[in-house]
Amino acid sequence: MQHRHRRRGPARQVIRKRAVVAAAFVGTVALGAGVGVWAASDGGPGQPDGSARQSSAGRAAGDPGTPSASPSPSRSYPLSRAPRTIPAVRSHTPARGPGWTPRPGGRVVVSDPELADEGRLVAGELGLRYAGEKDDVRAGDVRLALGGGDGNEESYTMTVRGGRVDISGPGEAGVFYGTRTLKQEVHGGGTAPEGVVRDEPAKPVRGFMLDIARKPYDETWIEDRIRELGDLKFNELGLHFSDDQAFRIESDSHPEIVSKDHLTKAQVRRIVALADSRHITVVPEIDSPGHLGAVIAAHPDLQLRNAGGVPTRGAVDISEDASARIVDDLLDEYAGLFTGGQWHLGGDEYQALTVRDPQASYPQLAAAARRAFGAGATVADLATGWLGDRAATVRAHDRTVRAWNDGFYRGTSVRPDPDIQVAYWTGKEIGARQPVEYLSAGRKVLNYNDEFLYYVLGQPQTFVYPTGQRIYEQWNPRVLRGTTAVPERYDGQILGGSFAVWSDFPNAQTQAQVAAGIRMPLRATAQKLWDPGTPALSWADFRGLADRLDR
């Protein structure tokens, strides 16, 4: 990572799975694939941990991250218990000692100037003084450092010992996540427990997607969600800002398409900067060739019409070069505004492909397909070619591309580019393919399962507001469609997932109601993307923990 000119948010990395190795003394808590094990008591870190699992693995003697077998500072302290956080830490090695509590005059110091943002943030949150780069060691310090680990930049180690806290990791993101753990420990219990936390996420993509096209959300609301997402160790915020109803971000290349109620570019820059400071990548989506009604309203000549001249809702005519030019203009323009490495091209619900015979209903598309791809080419081939061309436009800006699963068509002679990731959201669409079809072809897949992760305002069709409990108890990243998990052998191709808010009926809830409605689903999603295993806490205990941390 080039720290001075970095692109925050490691969503492109596929984190290799590794075993969590526990410490070599009795009393080690190895949480592994579980959520985390805590005693039922709400007492401080000096309480015995009677419910903790014991280690079945040893760590080599001399590991500098492992507390001495001789308790310090005194055997009068019981073994500490694991931190109480959301998401739960993957491993905690307990130790005997008083733990760490922020006190007046305490400092946050850093080993590297690249960690100044993280240092200032946690210092302000804990009421400490940010002292910058220091080599001296004082009781009460929190020290942030780069280094160690196995190269997973979202991993970190946090050691509480000798009245100090040391948080280190190979990348800034991991150190930031360590500060989130420390913040939650102190906020929820007053004291960070003695011992060593070793932690990392199971999935490299942990996202939240927001439809601001159908319902405008103000800058403050979005920034509040970014702070919430950062504390929960999410690393993506998707913004769906163009649809049939509206186009919600200022445009210099095509100001005529922008809706009256929109975000200015200055506002978006502030949103992106705040997200960047929390290691969250903002992923823009300009959906095409469907869902372009706001563009069509200003350019009616681009609207797709069938053989009878009837306009097709939201769809541009992809046989017209002008349709490609305006979309590419927008993709090029916003690549300079959204600086992260990810881009969502949409590609779903192109209405020309929902009719019984697309070639007969849209002869101009069929003719264009034959001109471009040969005598046997179809409208689906033309749509696949459109997606590939838009991917090339975005790829020129060094972006990784994703598209909705129903933008990939079966039986086409034109193949979608192999590097386009599949955002799998539904199996309800006509002809929808099973997730295994994409996985067996070697594609990377992102989980947007509408059965669990879609919060659709107004609950149209068969949608109901998802609950945190259902996500927590029944979902994991391998459950891509419906309620059935794909085989475990595909787990490495599933990069993670996103909880999504869609604004089909924008007035069904206020912004405040949306924030309240998604609160526990977001926390459950964060837990299952960080650690997909069966939770050790009951839902009631998890909800109680969330209430305590949010006070």
* State which residues pass ring pair (Phe, Tyr, Trp, His ring centres under 6.0 Å) with Tyr448; sequence neighbours excluded, sorted by chain then number. => Trp404
* Asked: For residues Asn235 and Glu154, is any side-chain donor paired with an opposing acceptor at under 3.5 Å?
  -> yes
* **Under 3.5 Å side-chain donor-acceptor pair for Glu172 and His279** => no
* **Pairwise salt bridge (Lys or Arg N to Asp or Glu O under 4.0 Å) hits with a residue in residues 369-382, at least two apart** => none
* Asked: Are Tyr424 and Arg481 close enough that a side-chain donor and a side-chain acceptor fall under 3.5 Å?
  -> yes
* Test item: side-chain donor near acceptor, Ser319 and Tyr362, under 3.5 Å -> no
* So, Asp199 and Tyr156: side-chain donor and acceptor under 3.5 Å apart, yes or no? -> yes
* Taking the six-membered ring for Trp, are the ring centroids of Tyr465 and Tyr455 within less than 6.0 Å of each other? -> yes
* For residues 289-317, which residue pairs qualify under salt bridge (Lys or Arg N to Asp or Glu O under 4.0 Å), counting only residues two or more places apart or in two chains? -> Asp244-Arg313
* Quick one: are the ring centres of His397 and Trp343 less than 6.0 Å apart? -> no
* To do: With sequence neighbours left out, write down each residue that passes ring pair (Phe, Tyr, Trp, His ring centres under 6.0 Å) with Trp530, or none if nothing qualifies.
  => Tyr177
* Pair Thr426-Tyr454, side-chain donor/acceptor within less than 3.5 Å -> no
* Asked: Would you call the rings of His254 and His299 parallel, tilted or perpendicular, where under 30° means parallel and over 60° means perpendicular?
  -> perpendicular
* To do: May I have all residue pairs that pass salt bridge (Lys or Arg N to Asp or Glu O under 4.0 Å) and include part of residues 212-222, sequence neighbours excluded?
  => Asp211-Arg214, Arg214-Asp243, Glu219-Arg270
* Measure from the side-chain N and O atoms of Gln342 to the backbone N and O of Val283, and report whether any donor-acceptor pair falls under 3.5 Å. => no
* To do: Go through the structure and list residues passing ring pair (Phe, Tyr, Trp, His ring centres under 6.0 Å) with Phe338, not counting sequence neighbours.
  => Phe241
